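Report on one structure; see the data block that follows.
Sequence lines set the chain letters: A, B, ... in the order given, protein chains first and strands last, and positions in each chain run from 1. Just so you know, these numbers come straight off a predicted model, no measurement behind them.
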Amino acid sequence: MDEKLKGLKIYNTLSGSKEPFEPIHKNAVGMYVCGPTLYSEPHMGNMRTFINFDLVYRYLLHIGYNVKYVRNITDAGHITNSAGQQEDSIGKAAKLEQLQPLEIVYKYNVRFQNLQKIYNLLPPTIEPTATAHIQEQIEIIEKIIENGFAYVVNGSVYFDVQTYKKSFDYGALSGRKVEELENETRELNAQGEKRFFADFALWKKANENDMQIWRSPWGDGNPGWHIECTAMSTKYLGKTFDIHGGGLDLKFPHHEDEIAQSCGSSGKAPANFWMHANMLNVNGKKMSKSLGNFFLPQEIVEGSTALFDKAYSPNVLRFFMMQSHYRSTLDLTQEALNASEKGLARLTEAMEILNNLPTAKLSSFDTQALVRDFYAAMNDDFNAPILIAALFDAVKKINLVRDGQETITETDKALLISEMQGFVMDVLGLTLEGGQNDNRLKPVMDLVLELRQQARSNKDWGTSDLIRDGLKNAGITVKDGKDSTSWQ
RNA sequence: GGUCUCGUGGCCGAGUGGCUUAGGCACCGGUCUGCAAAACCGGUUACAGCGGUUCGAAUCCGCUCGAGACCUCCA
């Protein structure tokens, strides 16, 4: 087990390179991932990020780490854009739907929790909400003010980037330079109350039509966009923890500002490793609500989206996503999904075959080398596509053993079963569905195939094919092997 | 406009100096089969373009073309 722990390398956005992973506390990992803002239904692109970090979580657990995984739920929607205009996405949705803000959040959270089950995501250790941590946010803001990195204007509090950058490196994560930021903006900012264009709100004075308002030392208002993550990660994981993850689109400004808030309040950087998951594309473009090119995880499973002419199981979606690296963009097309569906079926089938594989006194191939490849792939920055390629190497061997072309010992078989199940089910998070394990169907199928076998023995091809075609219409494929017949 | 990333065979997608036939799907041929499917074996198609560095580049550098992300809420 220790050997497995040693090899893990993680690409750190901070350094732009793969680094050996060393947790702060031996064998224990603290991980924070930015969760969804629940003002509407999470779409498949959102799910990709959570599925990717589920993979990270699962592999860390698999190699023996004790992981505390914190993923927040944003239920306070106060947002200020660069032009100083205020827009509260949750409040906006609430007005549209004639509901209280927390009713909106509750409604979509129920769906989000359901999606997590459908897509087989392990529940995080805790999913804290922003509204339950207003006090913690206020305390951190007070600390930042005390340290001289924030100022109060007319009931609002802003982070003072110019003062901050004298002591810390603003832009360390995103590679942006404060001096250049101004030239980067496309439009002239209405600076308003801010001293400097790059300053960002920590606390915003309440508006008349705000639906969520809290009391604070600076008057009634609501927290800025970035402060909740700082408050909750600090509360549950400490001032500095191991891994901070999120979607690539959050890198700037959200994560950059989180770093500033942590350094500005505690003097310490929040995370040693920053991981960013890349976007899910549709026809080469990022899936997003504003572009309208999104579809919902539920729709794909139900086959109700107009983009595809059939339904896909959540397993297929997961497998499809695992076939690309988390740091690469991934293009979602029907053809690609069909390919994944077939590939997954082959993998699933091989796992069943493996369980019933005949054993021999000698193995004709190196099982341990196969297994080493599984770990090597995942240790290399969670390279799931390489892992899957290695799993298919094993699939080929399994089929060859079944066909009598290769042999495997009892010990090697047991190793392969446990490791393949571990990687396919525990690490990749796939559930092996279908197959011949339906208790009620199995005896019926045995009988039907026995009858067909009798017909075949009598060269009664008409009856034999009638049974085969009939089963096919019922969604069951008959496979004639050399000595026996199986079905799926 | 600024910053950054990417461009791999019919599709999806790994790989970052020589030795990966990556892998999956598709396609072609073969073995097996009563036929088919499945499985197995073999095969085809590739590194956007141009130039440079190097004994050697898909991999490093430069330019051109193309695509995308971020700079505003975003997974």
Side-chain angles (χ1 to χ4, degrees), chain A residues 33-37 39 42-53 74 77 79-83 85 87-89 92 171 174-177 180-187 189 198 225 245-254 276-281 284-290 319-320 323-325 327-347 349-350 353 377 380 383-393 395-396 398-400 402-406 456 459-461 464-465 468-469 472 477-482 485-488:
Chain A
V33 172
C34 292
T37 303
Y39 61 92
H43 58 63
M44 205 62 222
N46 300 322
M47 289 305 286
R48 184 186 179 205
T49 297
F50 301 134
I51 287 171
N52 274 140
F53 282 105
T74 297
I79 285 142
T80 305
N81 66 22
S82 67
Q85 293 158 339
E87 194 172 21
D88 171 357
S89 47
K92 205 165 132 189
S174 61
R176 287 163 195 275
K177 294 184 168 54
E180 292 170 5
L181 273 174
E182 195 155 23
N183 302 325
E184 291 181 10
T185 50
R186 286 164 304 184
E187 294 157 29
N189 289 331
W225 173 31
L248 189 59
D249 50 356
L250 295 181
K251 187 160 80 171
F252 188 88
H254 183 60
H276 289 96
N278 217 320
M279 302 291 103
L280 182 65
N281 288 178
K285 289 211 169 140
K286 173 184 165 184
M287 181 182 287
S288 74
K289 279 168 191 165
S290 49
F319 185 71
F320 165 70
Q323 280 184 295
S324 79
H325 189 82
R327 280 191 287 115
S328 302
T329 54
L330 172 61
D331 221 51
L332 181 51
T333 62
Q334 172 133 33
E335 205 178 349
L337 279 183
N338 285 340
S340 291
E341 188 170 48
K342 292 199 175 173
L344 178 60
R346 199 155 88 87
L347 178 62
E349 201 177 337
I353 292 167
D380 186 13
N383 200 325
I386 297 287
L387 166 63
I388 289 172
L391 287 169
F392 275 105
D393 287 343
V395 167
K396 191 166 267 190
I398 290 165
N399 286 324
L400 284 169
R402 181 205 51 189
D403 291 349
Q405 313 257 348
E406 300 263 16
R456 291 178 74 202
K459 299 199 190 303
D460 179 2
W461 310 130
S464 159
D465 291 353
R468 186 171 70 194
D469 295 345
K472 193 177 181 184
T477 308
V478 173
K479 295 172 183 175
D480 293 327
K482 195 160 187 164
T485 298
S486 62
W487 56 276
Q488 190 174 32

Query raised in the report: Hey, mind stepping through Asn383(A) and His325(A) against side-chain contact (heavy atoms from CB on, under 4.5 Å) and telling me if it holds?
Result: CA-CA 6 Å; Asn383(A) 200 325; His325(A) 189 82; 3.9 Å; yes

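- If you measure from atom CG of Asp249(A) to atom C1' of A69(B), you get 9 Å, rounded to the nearest angstrom.
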Query - Reading 5' to 3' through nucleotides 20-26 of chain B, protein heavy-atom contacts under 4.0 Å coded B for base, S for sugar-phosphate only, - for none - result: --BSBSS

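- Across all strands shown, Leu332(A) has no heavy atoms under 4.0 Å from either base or sugar-phosphate atoms.
- Side-chain contact between Leu347(A) and Leu391(A): present, with at least one pair of heavy atoms (C-beta onward) separated by less than 4.5 Å.
- Looking at heavy-atom distances under 4.0 Å, Met279(A) makes contact with a base.
- Of the listed nucleotides (G34(B), A37(B), A75(B)), A75(B) has the atom at the smallest distance from the side chain of Asn46(A).
- Of the C1' atoms belonging to G18(B) and C73(B), the separation is 48 Å, rounded to the nearest Å.
- A gap of 14 Å separates the C1' atoms of G17(B) and C47(B), to the nearest Å.
- In this structure, Ser324(A) reaches the sugar-phosphate backbone alone: every heavy-atom distance under 4.0 Å involves primed, P, OP1 or OP2 atoms, never a base.
- For G23(B) and A39(B), the P atoms lie 16 Å apart once the distance is rounded to whole Å.
- Partners of Phe50(A) according to the ring pair (Phe, Tyr, Trp, His ring centres under 6.0 Å) rule, which considers only residues two or more places apart in sequence or in another chain, are Phe112(A).
- Summarising the geometry, atom CG belonging to Leu387(A) is positioned 11.0 Å from atom CD belonging to Gln323(A); distances are rounded to the nearest 0.5 Å.
- The side-chain contact (heavy atoms from CB on, under 4.5 Å) check on Arg402(A) picks up Ile353(A), Leu357(A), Asn399(A), with sequence neighbours excluded.
- One interatomic measurement links the two molecules: CG of Leu248(A) to C1' of C6(B), which rounds to 12 Å at whole-angstrom precision.
- Take the nearest nucleotide of RNA chain B for Thr49(A) and for Asp380(A): the residue whose nucleotide is more 5' is Asp380(A).
- The base of G34(B) sits within donor-acceptor range of the side chain of Ser464(A), with an N or O pair under 3.5 Å.
- Here G68(B) presents its P atom at 16 Å from CE of Met287(A), a figure rounded to the nearest Å.
- Nucleotides of RNA chain B nearest to Pro253(A) and Lys459(A) differ in position, and the one nearer the 5' end is that of Lys459(A).
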Donor-acceptor list for residues 246-254 of chain A side chains, cut-off 3.5 Å, not counting sequence neighbours:
| unit_1 | atom_1 | unit_2 | atom_2 | d |
| --- | --- | --- | --- | --- |
| His254(A) | ND1 | His226(A) | ND1 | 3.0 |
| His254(A) | NE2 | Glu258(A) | OE2 | 3.1 |

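- When the side-chain nitrogen and oxygen atoms of Asn399(A) are compared with OP1 and OP2 of C40(B), one or more of them lie within a distance under 4.0 Å.
- Nucleotides C6(B) and C60(B) have their P atoms positioned 9 Å apart, rounded to a whole Å.
- Backbone-only contact: Gly246(A) has heavy atoms under 4.0 Å from sugar-phosphate atoms and none from a base.
- Residues passing the side-chain contact (heavy atoms from CB on, under 4.5 Å) test with Ala345(A), sequence neighbours excluded: none.
- One cannot find a donor-acceptor pair under 3.5 Å joining the base of C71(B) and the side-chain atoms of Arg176(A).
- When rounded to the nearest whole Å, the span between CG of Leu280(A) and C1' of G13(B) equals 14 Å.
- What separates CG of Leu347(A) from P of A39(B) is a distance of 12 Å, to the nearest Å.
- When heavy atoms are screened at a 4.0 angstrom cut-off, Arg402(A) is found touching the sugar-phosphate backbone but no base atom.
- Under 4.0 angstrom from either OP1 or OP2 of G68(B) there lies at least one side-chain N or O belonging to Lys285(A).
- The OG atom of Ser174(A) lies 9.5 Å from the NZ atom of Lys177(A); values are rounded to the nearest 0.5 Å.
- In this structure, Asp469(A) places its CG atom 14 Å from C1' of G34(B), rounding to the nearest Å.
- Within a 6.0 Å radius of NZ in Lys479(A), other residues, nucleotides and ligands contribute more than 12 heavy atoms.
- Taking atom P on both nucleotides, A37(B) is separated from C28(B) by 11 Å, rounded to a whole Å.
- By the 4.5 Å heavy-atom criterion applied to side chains, Asn278(A) and Arg48(A) are counted as neighbours.
- In this structure, the nucleotide among C35(B), A38(B), A75(B) sitting nearest to the side chain of Arg456(A) is C35(B).
- The base of G68(B) does not come close enough to the side chain of Asp331(A) for any donor and acceptor atom to sit less than 3.5 Å apart.
- Atom-to-atom distance recorded for Thr485(A):OG1 and Asp480(A):CG is 4.0 Å, nearest 0.5 angstrom.
- Between U59(B) and U3(B), the two C1' atoms lie 25 Å apart (nearest whole Å).
- For the pair Ser174(A) and C70(B), the criterion of a side-chain N or O lying under 4.0 Å from OP1 or OP2 is not met.
- Taking a cutoff of 4.0 Å between a charged side-chain nitrogen and a carboxylate oxygen, Asp393(A) and Lys396(A) do not qualify as a salt bridge.
- If you take NE2 of His325(A) and C1' of U8(B), they are 17 Å apart, rounded to a whole angstrom.
- U21(B) sits 33 Å from C35(B) when the C1' atoms are compared, rounded to a whole Å.
- With hydrogens and angles ignored, a donor-acceptor pair closer than 3.5 Å exists between the side chain of Asp480(A) and the base of A36(B).
- Asn383(A) comes within contact range of the sugar-phosphate backbone alone, with a heavy-atom separation under 4.0 Å but no base atom that close.
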Report summary line: Read 5' to 3' with Watson-Crick or G-U pairs under 3.5 Å, [ ] for crossing pairs and | for partners on another strand, RNA chain B gives (((((((..(((.(...[.)..))).(((((.......)))))....(((((..]....))))))))))))....

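- The distance from atom CD of Gln405(A) to atom P of C41(B) is 8 Å, rounded to the nearest whole Å.
- Distance check on atom C1': U45(B) versus C50(B) gives 24 Å, rounded to whole Å.
- Under the stacking definition used here (centres under 5.5 Å, planes under 30°), the residue Phe50(A) fails to qualify as stacked on the base of A75(B).
- Checking C11(B), G15(B), G13(B) against the side-chain heavy atoms of Thr333(A) singles out C11(B) as nearest.
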**Report entry** CA sep, side-chain torsions, deciding dist, call: Asp469(A), Lys472(A), salt bridge (charged side-chain N to carboxylate O under 4.0 Å, His left out)
**Finding:** CA-CA 5 Å; Asp469(A) 295 345; Lys472(A) 193 177 181 184; over 6 Å; no

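- Among the atoms of the strands shown, only primed sugar atoms or phosphate atoms (P, OP1, OP2) are found under 4.0 Å from some heavy atom of Glu349(A).
- Here the side chain of Thr477(A) is nearest to one of A37(B), A36(B), G13(B), namely A37(B).
- Counting any heavy atom pair closer than 4.0 Å across all strands shown, Gly175(A) reaches no nucleic acid atom.
- Taking only side-chain atoms of His43(A), from C-beta outward, the nucleotide of A14(B), A38(B), A75(B) with the closest atom is A75(B).
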